Every structure is written in structure tokens, then in C-alpha cells.
**Q** 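To start, I am sharing the structure in question, which I have written as C-alpha cells.
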Number of protein chains: 2
Amino acid sequence: MVQEAVARGRAKAPTIYDVAALAGVSHQTVSRYLKDGKGLKPGTLERVEKALSELRYTPNLAARSLRSRKLYRVVVVVPEASLYFPARMLNGAAGAAHARGYRVDVVAMEGTAQARALQLERLLTGEDIAGILSFVPRPKATAATGTATVPMVVAGEYDNKMRARGSLADGTAVHSIIRELAALGHTNFFHVAGPAAWPAARNRKAVYQEAIAALGLTSLGMAAGDWSPASGYAAGKKIAALNGVTAVFAANDQMAFGVIRALHDQGIRVPVDVSVFGWDDVPEGSYFIPSLSTVHMDVEALGARSMRELIARIHGEEPPQDAAALPLMELVLRESTGPAAPRQLKPA
Amino acid sequence: MVQEAVARGRAKAPTIYDVAALAGVSHQTVSRYLKDGKGLKPGTLERVEKALSELRYTPNLAARSLRSRKLYRVVVVVPEASLYFPARMLNGAAGAAHARGYRVDVVAMEGTAQARALQLERLLTGEDIAGILSFVPRPKATAATGTATVPMVVAGEYDNKMRARGSLADGTAVHSIIRELAALGHTNFFHVAGPAAWPAARNRKAVYQEAIAALGLTSLGMAAGDWSPASGYAAGKKIAALNGVTAVFAANDQMAFGVIRALHDQGIRVPVDVSVFGWDDVPEGSYFIPSLSTVHMDVEALGARSMRELIARIHGEEPPQDAAALPLMELVLRESTGPAAPRQLKPA
DNA sequence: GGAGTTATTGTGAGCGCTAACAAGACGCTG
DNA sequence: CAGCGTCTTGTTAGCGCTCACAATAACTCC
């Protein structure tokens, strides 16, 4: 039943033989040109180029892959219920892959940790993929079995030293957040963390604790969220019940929204009574009431970088060191942060 | 430089010849089993099955594709700056494709309409893809050139009769929205539309006008947005300047957020003075202040459906008719909608 | 029971490409 | 100018699979 798709009048694509005939060379010369274009006489090179463009030749990747036993397909794993997964990150990754001649297949990780591990296992043993880029943390089960047959990069994990600069899990901006809030007179903090399985969540939390300690401030507690606004809301209720918190740092914007809403529902004003900081700079953040102070991330660049890291690994190269180069994160101050509650301010 | 990737100790995958040898049949028998398993003696079938699972055989898709000239790769086109493109839709599409044995490649449409058209052109003439599923409206330029070589489905476009039920562009829920608002006493409406290039935007707008007329209400105007909250904000300022609007329907949640914020900034209260309706039910909607009334969509199902439509077309089959079956959209009433402004209500 | 049918299995070729090797063209030395 | 290395190009084979066809086995019928 698939035949029709083929039959559908698509003209037969030109092969390197067609190109070779037109250029008056052997097919191998064409193949060589396609490979790197080296070691060909300028004249030959030119004729091949001409024939190539004249026939609008495009290589048949299936044939190439079959013969060379190289693979041109990478799998990107995204969270299944990816309500909070930025599509732009995927775009960045896909773009980087395409730039290197790779095809991208997207699979969503579904189900329980166990089901995910199984799914991953199957991918890893699959024979026809060049590598895996996962935006989902690796299930523990899989991390154990060291039979890594397929190169795999888990975004944010590969440079697991805390606060790896410029990576997805880079938590350095947390320092700036805390310092900023401290400068506004805040001393009593609260952190709404993401799921511990995610390196980014772990790093933000770690840096939070570090910064609090370093600046001699107090953390009145932390809540474990799941990136969702609902979990932020739950944390917000906890914060309201607590006494004295004036500054909250949530590990992503969604949870920050939940926190603000919970505080609002409890009659606590943001930022008058409590300041709230998010992370991600989702577009609606500036239209929220109050608009949300956050950390802007270049998610596209981050996705692309993760992909480049994977491809480097596939090729056995050194990972590209463009990492620390670009400033990928930036504090955005908006209405949700303000001076600490008046009782701590002296009148002029 | 790619050699390492291959060398990396991955054992050579078993071929159908290995399987055939083990089962004591010819390779063709194995191939036949793989195709549909029909016309084989029960005994043979069993032996092949056993050999297959014993060797953990997985077919080499490159070889299959090369020989059969069938393709197993579909391309999904997503908007480049897809801040508002739900990743779940992609997941749904990818899942549906995988279920039918297809690989999914994601490309982001970038740049101007012209650049996009070119990009698309290249995809369409590319020889190694089975079909294209686009979540981005087709540029006019391309729509013109009827040389459709590759099957292509533009989500929401294929059933371009307005209000195609259950499709991405299904605007029927707009009727319910207007009816709901009318029941609350609203008579003066405003619509913030999406870009006209998008079928979904066109349909929502069309149904809006239709419903207004059918119910004998008044539309005080429409604004052309671009799905972004910023464009919603601009529309909101316009609405504030206008006099008498009490109900706003925005074509997506993001724009609704912008509208609400603009009204808020102009001292207009939502929902006391003006009611606002969105569309999409993004997760933060219920935590916005005020929480947003909207239309819930099962984006995952919608994505999957579009993909099934594409695959059916690739196979030359009839498109699956599961469309109208599921109720994919549902009104969600929250705080942003309320009774029309008091001056229009009679005291009890 | 032999001819004619029909189910079931086997054989050879080739999809488009690249790897490996072979061969020709060219330039240099002695 | 024979002899040798180097640069450039050509020839052959085969990746794993499916197609088209050939061959056999298993039935049917008179």
C-alpha cells in the first residue's frame, strides 16, 4: 500500500552516475568531490560542480549510510508532558544537527521512570542511530548499566560539576539573584526547587544555598516542586503560612507564577510584602500581574550547544569549547521584586 | 573522523541472511516474513520467528529504503520562533508517526515569508522524505506552484471549509464562548485575531463574526495580533480607548494575557469592567491574576491526528475519519469572565 | 496416476553509494 | 630517457535488502 507514494510521478532522482556522465568523469570522482573535494584537479572540480548543480543532485543518504556504515540520525528525547519544555530548545538542537548533516528524530519519553528506562534501553541498543540527545534526566537504572553502545548526551548533565558555566544547568545566575534581592534589603529567603532528577534543578538549589551562606542571609526553607505552576502554588501556600519570608526564588517561571498566585490568594502582596524571582523568561512573564523578575536564557543556543556536544562525541572529537563564550543568561528585573517589606526600612 | 563512531565496538548487526541460515530457510523467506508473514507454512513461520528473536534482529532501514525506494522519514515543520507552539502537539505527531513506522525530523521555519517559501521548496523537491506535516501556514508562493511532489499536510488547512469539526482550525467553540458571554449580559464585543495566514486564526475570526451576527450582538472592532502577548497588549490599549466594550475574545491565551495587562494598566478591571476570553488553556492560565477563561484543546491528539492524515495521504488511503469522534475542545470558565458591567444590570 | 493449479520457497540481480585497489598522468632524478 | 614516486582518476565489489522470476512442493480433478 505504500507503493503509491513512490509511484506518485516523482521523477527519478539523479545519481552520481548521471552526474559523472554529464561531467565526463567517473562516478568515483563525483563521490570524491562530495566527500571533501580534495585531490581533484581544478578543471575536473569545476566540471563536477557544474554537473552537480545542473542536475540538482542530492545524495541518497540511505545508500550512503548503507555502504559507509555511518549513521546520520540522532534521536532527541523530550519530556512527554512537556508543558514546560521550550520548543525553541528543540529547534536549536535540530538546527545544529542539520548543520552537520544529521537527521533528527524526536521521541517523547513517556510513562513511569521504569517505562522510560526501558524505552531508553531500546533506543540505546538500536542499531540505526548515531547518538541520543536527551533533555530528560537519565533514569537511574540506565545510568547504572554501563553498556553505552550509542553516544548519548543528557543536556545539562555532561558537565556535572556544579554550576558548569554556560550549560543548561548553569546556576551561576542564582548568585546574582540573591545578591540583587539582598541589595533590596531582603534577608529571609525561600527556594522553590525543581525535581531533583534534573541537573538544572539541583544546581540552582545548590547555588542558592551557597549564595545564602556566602552572603550571611537566612533561608527559611525550601519546597520541592515539579516545574508546574500547581507545585508552585502549593509552595506558595507553605510560604504564606511561614512567617517572615520576604524573598522567594523559584527554579522556573511557571512555579513562580504559582507562588505569586498563592500569595495573592492569601492576601499577601507581591512585591510589597514578598518579592518573587523566576527563571526562564517565558514570554508571558512581562504581562503577568505583577510582571515577573526572572533570568533570561537563550534556550535556542543552549539546545544547539547540547547538540554540538553530542555530535562531537559521536565523532570522537573534543567537545566544542564555545561554551563560556556567550553570555546565555541575564537577569531581568520586573515588578515582582522590590524593596524588602517597609517594617525593615527606616523612614527618610 | 566519523569512523570512530562506527568502530566503537558495536557488534555487527545480524542480517536476514544470518536469520535465514539459523532458521534453515532462504533469505527471501525471512524477508517475506518481515513483510507481512503471509503465505508461509506454520512450521517455517515458527522457525523464522525463533531465529529472529534469538538473534535479536532489527532490520536495516537504510538498505530496505534503498531497495524498495520507499521512505520512512517525514518532516514536521514548526514555527521558528515557536514561543507559542505547544511542544505537546509535536509529541502527538511524533508518536503517531512512530506508530506507523516513520521517523520524524523536525525543521524550524525561519525568516521571511520568502525565505520560508524557498526552504519549503527545497524540502518539497528533496528526494528522501515521505511527506511533510507543517504546523506553519503555507506561504502563498508555494501554494501556487502546483508541483506538489511530496505529500504535504498543513495542519488545520486541509479541511479548509470553515469550522471543520475537530481539526486544529475548528472554530466551533467560539460560538459557545459568545453565547456564554451573552448569557452574562454582554452585548458589546471585541476580537483580537491571530495572523490571517493561519487557518485557525481565520476560522476563529469568521466564527466570531458569525456568532455575533447570529445572536444579534455588536462587535465594536477587531485587532490583528500575531499570537504574541505584546500584540495582545497593543490591542488592549485600543480596547481601553474605545468606549463600551465589555467582552473581549482573544484568539489565543498569550494575547489574552496581553489584553488583560493592558486593561489593568489603564485602570480597567477584569472581569468587573471587561470580561476576557482566551484560547488554548496554557497551564499558567489558571494562575494568572485573574485566572483566564479559555478553551481547552487536546493538542496532543490534534497533533497525532494531523500526522495520521499525512500518513494516510502518503499511502494514498482515505484520511481516517476519527475526527468528529472525540470532543477535543472544551470551554473552561475562570475568573476573567463575569457578568457585564453593573450599569447594564438592574438592581434586584 | 498424470496433467493442471495453486501454495510455498529459492535464486539472481541491483537499488546508489563508498572502500579498496588498480591504473594512468605527470614530474623529477640520475 | 628509463625508472621511480606522487598526484589524479578509474574499476570493481559489495553494504542489506526487496523485486521479479524460477523452481519446487502440495493439492485438485478427471
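Letters A, B, ... are given to chains in the order of the sequence lines, protein chains preceding strands, and every chain is numbered from 1. Reckoned from all heavy atoms, side chains included, excluding hydrogens, waters and symmetry mates. Since the structure is predicted, the reported quantities are computational estimates derived from the model, not experimental observations.
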**Q** Please determine which of A/Val74, A/Ile132, A/Leu71 meets the side chain to side chain contact (heavy atoms under 4.5 Å, CB included) test together with A/Val150.
**A** A/Ile132
**Q** For C/dT9, take OP1 and OP2 only and decide whether either is under 4.0 Å from a side-chain N or O of B/Thr29.
**A**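 It does not, given that no N or O in the side chain of B/Thr29 lies less than 4.0 Å from OP1 or OP2 of C/dT9.
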**Q** Which one, D/dC15, C/dG10, C/dC15, comes nearest to the side chain of A/Leu66?
**A** D/dC15
**Q** Is any side-chain N of the basic residue among B/Glu46 and B/Lys50 closer than 4.0 Å to the acidic one's carboxylate O?
**A**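 Result for this pair is no, no salt bridge flagged.
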**Q** Counting just side-chain N and O atoms, does B/Ser68 come under 4.0 Å of either OP1 or OP2 of C/dC15?
**A** no
**Q** Tell me which of B/Lys38 and A/Val30 sits closer to the 5' end of DNA chain C, going by the nucleotide each one is nearest to.
**A**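 That would be B/Lys38.
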**Q** Would you mind telling me which of D/dT9, D/dT18, C/dG16 lies closest to the side-chain atoms of A/Lys41?
**A** D/dT9
**Q** Given atom CG of A/Asp36 and atom P of C/dT18, what is their separation to the nearest angstrom?
**A** 11 Å
**Q** Rounded to whole Å, how long is the line connecting atom CZ of A/Arg47 with atom P of D/dT8?
**A** 14 Å
**Q** Using side-chain heavy atoms (C-beta onward) and a distance below 4.5 Å, is A/Asn60 in contact with B/Leu66?
**A**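 They are in side-chain contact.
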**Q** Students often get this wrong, so: under 4.0 angstrom with heavy atoms, is B/Leu40 touching a base, only sugar-phosphate, or nothing?
**A** sugar-phosphate
**Q** Are A/Leu45 and A/Lys41 side-chain neighbours, meaning at least one heavy-atom pair lies under 4.5 Å?
**A**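 Of all side-chain heavy-atom pairs linking A/Lys41 with A/Leu45, none is under 4.5 Å.
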**Q** Please tell me if the side chains of B/Arg103 and A/Arg73 come closer than 4.5 Å, counting only heavy atoms from C-beta onward.
**A** yes
**Q** Can you find a side chain N or O atom of A/Ser65 that sits less than 4.0 Å from OP1 or OP2 on D/dC15?
**A**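 No, because none of the side-chain N or O atoms of A/Ser65 sits under 4.0 Å from OP1 or OP2 of D/dC15.
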**Q** Can you tell me the distance, in whole Å, between the NZ atom of B/Lys35 and the C1' atom of D/dA20?
**A** 12 Å
**Q** Separation of B/Arg32 atom CZ from D/dA22 atom C1', in whole Å?
**A**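 To the nearest whole Å, that distance equals 11 Å.
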**Q** Distance check needed: C/dC15 P versus A/Ile16 CD1, whole Å only.
**A**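 In whole Å, C/dC15 P and A/Ile16 CD1 are 12 Å from each other.
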**Q** Quick check for you: among D/dC19, D/dC17, D/dT11, whose closest atom lies nearest to any side-chain atom of B/Arg64?
**A**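 Selected nucleotide (nearest to the side chain): D/dC17.
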**Q** Once you round it to whole Å, what is the distance between C1' of C/dT18 and CG of A/Leu71?
**A** 15 Å
**Q** Taking only side-chain N and O atoms of B/Thr15, does any of them lie within less than 4.0 angstrom of OP1 or OP2 on D/dG16?
**A**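 So the side-chain polar atoms of B/Thr15 never come under 4.0 Å of the phosphate oxygens OP1 or OP2 of D/dG16.
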**Q** When the distance from CZ of A/Arg67 to P of C/dC17 is rounded to whole Å, what number comes out?
**A**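 Checked: the CZ to P distance equals 13 Å.
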**Q** Please pick, from D/dC17, D/dC15, D/dC19, the nucleotide with the shortest atom-to-atom distance to any side-chain atom of A/Arg69.
**A** D/dC15
**Q** Starting at the 5' end of DNA chain D and moving along, which residue's nearest nucleotide shows up first, A/Gly39 or B/His27?
**A**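 That would be A/Gly39.
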**Q** Between P on C/dC15 and CG on B/Asn60, what's the gap in Å once rounded to a whole number?
**A** 18 Å
**Q** Where the side chain of B/Gln28 is concerned, which of D/dC19, C/dA19, D/dT9 is the nearest nucleotide?
**A**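 Nucleotide nearest to B/Gln28's side chain: D/dC19.
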**Q** If the cut-off is 4.0 Å, is A/Tyr33 near the phosphate of D/dT8, judged by side-chain N/O to OP1 or OP2?
**A**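 It does not, given that no N or O in the side chain of A/Tyr33 lies less than 4.0 Å from OP1 or OP2 of D/dT8.
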**Q** Which listed nucleotide (D/dT9, D/dC17, C/dT11) is nearest to the side chain of B/Tyr17?
**A** D/dC17
**Q** State the OG1-OH distance between B/Thr44 and B/Tyr33, to the nearest 0.5 angstrom.
**A** 12.0 Å
